[in-house]
Amino acid sequence: MEFDKFCSLDSSDPFWDWNRTWSAANPDLTQCFQNTVLVWLPCLYLWMCAPIYLIYLRSHNRGYICMSNLNKAKTAIGLLLWMICWSNVFYSFWQRHHGISVPAPVHLVSPTILGLTMLLATLLIQYERLKGVQSSGVMLIFWLLALLCATVTFRSKILQALDQPEMVCVWRYTTFYIYYTLLLVAFCLSCLTEQPPLFSQALKDLNPCPEPGASFLSRITFWWVTRMMIMGYKHPLEEKDLWSLNPEDCSQAVVPQIVHHWKTECQKVKRTEKKTLYSPTQIPKSEGKEGQPPEESEILIVKTDRKTKEPSLLWALCLTFGPYFLISCLYKIIHDILMFVGPEILRLLINFVNNSSAPSWQGYFYTALLFICTCVQSLILQKYFHVCFITGMRLRTAVIGAVYRKALVISSAARRTSTVGEIVNLMSVDAQRFMDLITYINMIWSAPLQVVLALYFLWQNLGPSVLAGVAVMVLMVPVNAVIAMKTRTYQVAQMKSKDNRIKLMNEMLNGIKVLKLYAWELAFKDKISEIRESELQVLKKAAYLGAGSTFTWVCAPFLVALSTFGVYVLIDEHNVLDAQKAFVSLALFNILRFPLNMLPMVISSMVQASVSLKRLRVFLSHEELQEDSVEHKAVAGSPYSISIVDGVFSWSRNESPNLKRLNVCIPEGCLVAVVGHVGSGKSSLLSALLGEMDKLEGTVNVKGSVAYVPQQAWIQNSSLKGNIIFGQEWKEAWYQRVVEACALQPDLEILPAGDKTEIGEKGVNLSGGQKQRVSLARAVYCDRAVYLLDDSLSAVDAHVGKHIFDQVIGPQGLLKDKTRVLVTHGLSYLPQVDLILVMVDGEITEMGSYQQLMSREGAFAEFLHTYANIDHTDNSESMPKSETKLTENGSATTLVGNSPGFSTVSKLCKEDKKLKAKNSEVGKLTEADKASTGQVKLSVFWAYAKAIGVLLSCISLLLFLTHHLLSLFSNYWLSQWTDDPIVNGTQPSRLMRLGVYGALGLSQGVAVFGYSLFMSIGGILASRCLHESMLYDVLRSPMSFFERTPSGNLVNRFSKEMDTIDSVIPNIIKMFMGSMFGVLGACVIILIATPLVAVIIPALGVLYFFVQRFYVASSRQLKRLESVSRSPIYTHFNETLLGTSVIRAFGEQERFIHESDQRVDHNQKAYYPSIVANRWLAIRLEFVGNCIVSFAALFAVIARESLSPGIVGLSISYALQLTTSLTWLVRMSSDLETNIVAVEKLKEYSDTEKEAEWKYEHSSLPPGWPTHGCIEIRGFGLRYRPNLDLAIHNITISINGGEKVGIVGRTGAGKSSLTLGLFRIIEGAEGHIIIDGVDIAQLGLHELRSRITIIPQDPVLFSGSLRLNLDPFDSYTDEDVWMALEFSHLKTFVSGLPDKLSHECSEGGENFSVGQRQLLCLARALLRKTKILVLDEATAAVDMETDNLIQSTIRSQFEECTVLTIAHRLNTIMDYTRVLVLDKGEMAEFDSPSNLIAQRGAFYQMAKDAGLV
């Protein structure tokens, strides 16, 4: 052989010799093999990797690392190794030259190749340093390979030196030992890690993620996570313990990529669209204006649109995340191939046990091989999962970021197509779907690969009878597929119910105050329960299907084995089922089971994700606001600040225009008032100027930056100061002036922590007037060129309104040089404005100054004459130039006029210091979701078991046990069968064996079906019970609870936690029980087979338990931190959606996007450690499992004399399954703990404080109570929270039946508090309120609230029919409802709607104007027609005309009733019987209006400010 000559000239050294290697009792490799293959292998590896690695390093530069001692040592070792290799080459030449002996070619070739490789290694080490690699996997594997190969040679050299001392060549031996030592050192050095590169992120970070700086070994074993695990074990992890995110996982890095790719996709589609769009002949411009309606061309566009292709979101996602994700495919292939090594080794082991002549080292060799392979398999699998989870995490970040950015630019028409709930679902549910899919998506190609490999090995083992088993499997696939598809349809139905339920919940929580005031909780509770029932029906059907699929999933492998073995034995009676055939086949069937069951799951998961993908694509393709609809560039030489020319606007492209024929030019610095009836398009005009509406024709130009105050103030959940500053830079003096001018100073003194007081969501703890003023202050503070004020004076009292007009808006105010457009209903301000626009039905009918319009005698003049009871002479003197003295309910305070005196300012500073001293803790309002710590208490599990029902729980457990015992016994039976003696080439009792085996399997199936069904039904019972009790608990909570708890938290409980209880927990319990019994069963079998393992198992068990406890402590806490940091993302998003127009008007989009990104990153900061903690755990547990497998094999080898092959096969095939069962067990037990937290969270609300009873059993109320409506208040007082002062105190008045009483006072004087006390929204702290002789504190809340009526300050509507909004209990006839609508002047409007009373209100009543909503609230009151009516600033949002309508309705319809009115417009209460003036929570005056004016007290002063005296 030529190759032998290459090793030794006389061919005395062969390349391979079986007698020396395999059959010998003490094996050794030939010299030739050692000098060639073992030397070339590491070299080949490095030369193959180097090019790819160099390219990778070039593209991933992390900055260079300074030369360190470690690096010097590595380089020196590399050079020494290179020198040693060369010394060997020179030695060969020297031998030849001196003629001592002619060396074989191998002695020249091998050292040369090795030398070059060492040189390459040294160069790589330096290149890595320059590119900032702290620890290199490529090099570590190279040194490891070289070391292993050298170790074989090392042993053989020592053996040779002992056996044949005369053959030793001293020089080569010496150099080899030096070489070996250096390799060992190089290997150890490569395990260490370099210092971080210069200027790296890690140096600046306080708590950087240790991963980038960890060594390669630490990274593949996830050792770098250990420090956090130890920390989490010692004390519960907190926010500050979490690492920062790696830069490549942050929103800043991820989101721009996806946005960029998505835009490119959209652009592509637009390009193809343009080709199709402009093919129809275009209509010339003039013709379109007159001859044809302009809509026609749009209809063409819509038609062609159908055919065009949609932009592909999938492709955009692939481009963004594909490259990184491809690494996982490589890992997966390696892992799939390694999976089949186990059964092969099992086959060899059974052969080894059968063949008594085999040398015993082979057994140990197999055991070692098994251990190494399983460990490598574990490492690769975890690395694979790591890549998948990271990709999933980035995907979620990207989706949330993209949705958020889109929500800020979406047009209002598109905004109407999706509710807030749906958009939030895109972020929470759909993003989660993608994350879940990413971990499994590779199964699409990996499952078929595994099946093909398994079938190949099975064919080798059993021949054609395998086909019987395959046939069974193939039959199972469609069954599973049908089940998956059915489940899918149920899921869609359930999602729909869930969406509806959450939408209703959301609205209920937003309008909870109204529900309580009207005592409507039960109606809505029933409505939600109804939706919930339909949801549970769907869940129940899904549960039956689930039981079916579990049945097929557990029985499939068994049926396959049964059919295969049956066919194999029955085809030919000489087919003997021996241990090797049976157990290797079983091991392969176990492998097969996984891909076959995963496939349907992956397919259904893909279908789900595709639905999510479609929803996302639709949302991301919604049309955006036209960026060019409003031009902001200053037109050269134009004096106009705002100009609209021929403007036609509509809210959506395909609706008729809402505003038409607009021509407005507003000079700079001008104050413009816009007046008109409710629904005449005043607010729409401002929206058009902001670019919120679709511009169909004309041009709009707004010069300079814009500030906008919406009609319903949008308040963020942050401090009062934060709301005003709104991200601008902090200017102390200016801030003080703004607060002062907006009349917020007195409010700051009332608030518990001054301007650091936290404002709840949507401003729950501010009154309507305060919200409006904060909203105004924000606009003023931002200091823009153009101010658009949408009725910003409506919600404040007359005198405060006047003050704000004078100080802020009017000719002398802070904004006097700006352009201001004010939509208003207050007629008293009109004489002072420069220009008035009168709007009717979306057109401007008149414009001009006050005097011009009055002299024209047009609609405006008529309108004024009807409503103005204003004495015009008074206005001239109410505009003093110097300081104004303004009496607020008797206390005179100085207000800063145009020339602020120093005294006042310094007084302010003192005040301010006093405020600062107020503790900011007092100002906290909302409670963030707290992460509970420590172990989940047993009581939580017990609560869940009770919710299921104790009997059901016990039956399920019993069935579980039966199933597993049967399964163990059937496999034991199989091992007995394989050990049956063979008589004349057949096994005589095989038919009996086969029959029993089959029977055992069938009974197993029945048990499985039973427990699966019982578990699922139990789960549904539990979730019904828990949801009912939580809904009841939440509705029974007092108002203060809703102010403290962000609605995000509550919605989270009802959506996320409820979903967990519905669908996650029952499945987890099933899997947990399954894996627990699986592990126990395997241990029992291994112990029976090889009792020696009893020594090892307890030790490993303790280790296992320790690792598990260690892990659960941290994992549970991380999961809690993650879920606590999840709510703020959605809360912030909700808030943004409500305030998009404000955010856009101020141009603050970037800041909000940044804030959202920060919140997402904050959430991922807790999610990332929990992923790697999972990997950390899995690697350690699989190691424990691999040890058990190896020990089972080892002891089988040791005791091979006494064991039958059947038992060895049984023991090892069980051990091979143990690893997966163990991992599953810990995963499931920790999942169970983390998910059962959902139950814990639901139970939380049952322990919070509750309101008084709704109804008392034995009520002594007379049926028609209250009959007269006499109200007597005796020494009444109340406080908002236990630790605060009394908000109102010592109020004693009595009101006779049928009296009309007005309640007035400055904002914060306690007007609304009094009504809250009357309805017992807040329980009185002292005194009594008695109505018709009954103390209201003795009544059930519903008895009280349903007998008195309020028209609240914020008109709230719920989505649903109009009828539901007026009469949720269906207790009135349609005639009654129409009557009420007629009296509230809505009859014409409602009868004009297509669906009349069943007209759908959108979320929050968005499709009605605020005035119309207010009228609907009036209609509610008219329907109930109780003896006592409370009006809480009810007419604030309507114009004078509507206000008069309402007042006249109240006067006529509620003539005999007692009416209490909280009034801002004093003219509405001038004809009331009496007026109650409140000041600082106390009664200041109480008498008839005429007497009060005569007394010249506080009321007189207010009336004077309002221009009524």
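Keep in mind that this is a model prediction, so the values were computed, not measured.
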Inset, instruction - Answer with yes or no whether the side chains of T1461 and Y1472 bring together a donor and an acceptor at under 3.5 Å. - result: yes
The ring-ring contact (aromatic ring centres under 6.0 Å, His included) partners of W1265 (sequence neighbours excluded) come to none
One should read off an interatomic distance between R1044 CZ and E758 CD, to the nearest 0.5 angstrom, of 12.5 Å
Residues, nucleotides or ligands: over 12 heavy atoms within 6.0 Å of K513 NZ: no
N1365 and W520 have their tightest heavy-atom pair at O-CH2, 3.1 Å
*asked:* Treating N723 as the side-chain partner and Q716 as the backbone partner, does any N or O pair qualify as donor plus acceptor under 3.5 Å?
replied: yes
Sequence neighbours excluded, the answer for side-chain hydrogen bond (donor to acceptor under 3.5 Å, both in side chains) partners of D1471 is R1451
Would you check, one step at a time, whether the test salt bridge (charged side-chain N to carboxylate O under 4.0 Å, His left out) holds for K516 with E521? CA-CA 7 Å; K516 291 205 171 297; E521 293 105 332; 3.3 Å; yes
field: M1483 and I1288, any side-chain heavy atoms less than 4.5 Å apart
entry: no
Would you please say whether a donor-acceptor pair under 3.5 Å links the side chains of S1313 and K1311? no
Taken in chain and number order and not counting sequence neighbours, the residues that satisfy ring-ring contact (aromatic ring centres under 6.0 Å, His included) with Y1032 are W1254
For this session: Output, in order, the C-alpha distance, side-chain angles, deciding distance and verdict of side-chain contact (heavy atoms from CB on, under 4.5 Å) for D1033 and K1250.
Result: CA-CA 8 Å; D1033 284 337; K1250 299 285 171 277; 3.8 Å; yes
L1035 and E1251 have their tightest heavy-atom pair at O-OE1, 4.2 Å
Looking only at heavy atoms, the pair that brings L1341 and A1252 closest together is CD1-O, 3.5 Å
Minimal heavy-atom distance between D747 and Q770, with the atoms involved, is OD1-NE2, 3.0 Å
Distance col, row I804:CD1 vs L789:CG, nearest 0.5 angstrom, shows 10.5 Å
T1458 and I1271 have their tightest heavy-atom pair at CG2-CD1, 4.3 Å
One should read off an interatomic distance between E1043 CD and I759 CD1, to the nearest 0.5 angstrom, of 11.5 Å
| message | Could you go through Q745 and Q736, starting from their C-alpha distance and side-chain angles, then the distance that decides it, and tell me whether this counts as side-chain contact (heavy atoms from CB on, under 4.5 Å)? | response | CA-CA 9 Å; Q745 198 61 47; Q736 283 305 335; 3.8 Å; yes
Verdict with supporting geometry, L1050 and F1041, side-chain contact (heavy atoms from CB on, under 4.5 Å): CA-CA 11 Å; L1050 283 167; F1041 167 80; 4.2 Å; yes
Here the gap from R1274 atom CZ to E1326 atom CD, rounded to the nearest 0.5 Å, amounts to 14.5 Å
Separation between NZ (K525) and CG (L515), nearest 0.5 Å, reads 13.5 Å
Value for OG1 (T1449) from CZ (F1454), rounded to nearest 0.5 Å, stands at 9.0 Å
Closest non-hydrogen atoms of M505 and L1031, given as atom of the first, atom of the second and distance, are SD-CD1, 4.0 Å
